[in-house]
Amino acid sequence: MKTIIAVYIVCLPLKSLTVTSPFGYRIHPLTGRMEYHNGVDLRANHDTVYAVLNGVVRSVRADVAFGTAISLDHGEVTTIYGHLYKPLVRPRDSVSAGQSIAISGATGQVTAAHLHFSVRYRRCYLNPLNFLYEIFKTTNHEQKF
Ligand SMILES: [Zn+2]
């Protein structure tokens, strides 16, 4: 996997990252039940959301749980951005890392405005923060040479 992601330029999905709900099993804030959270929730309220990698917009859709959500296709990696207020891209648009793709909001099942951010590698959801960190590390490492 490192050889695949080493060529990518990576950006953060928001100007600053504050995790309000982590990746993995958690008690759902609305249902009170244990559930698997396939991404991280980041503090955001009508903030600009950025593409983390170069890619193509796979879908812009309205989801019951994730509200207005954008999926970006980066080859074997897909990134998903949920609870958006306003998408700024359309399906099949090409996006570059760091490009504004949406304004965050509170659509779908939420208790407060935030950005839900998921990273999927093939059929597996990864911890998005570990994923970003791994790419940063690889990129920084490469810049030394
Ligand atoms: Zn979430």
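In each ligand, atom 1 is the first atom listed, and ligand 1 is the first ligand listed. Keep in mind that this is a model prediction, so the values were computed, not measured. Values below: all heavy atoms of this structure, side chains included; hydrogens, waters and symmetry mates excluded.
Of all N, O or S atoms in Asp41, the one lying closest to the Zn ion (ligand 1) is OD1. Atom ND1 is the N/O/S atom of His116 found closest to the Zn ion (ligand 1). Looking at His37, its N, O or S atom nearest to the Zn ion (ligand 1) turns out to be NE2.
Here the straight-line distance linking atom CG of Leu12 with atom OH of Tyr50 works out to 10.0 Å at 0.5 Å rounding.
The Zn ion (ligand 1) has no N, O or S atom of His83 inside 2.8 Å of it.
With contacts defined as side-chain heavy-atom distances shorter than 4.5 Å, the pair His74/Thr79 qualifies.
The closest donor-acceptor contact from the side chain of His83 to the backbone of Thr107 lies under 3.5 Å.
For the pairing with Ser104, the side-chain contact (heavy atoms from CB on, under 4.5 Å) check across Thr68, Asp47, Thr48, Leu42 returns one residue only, Asp47.
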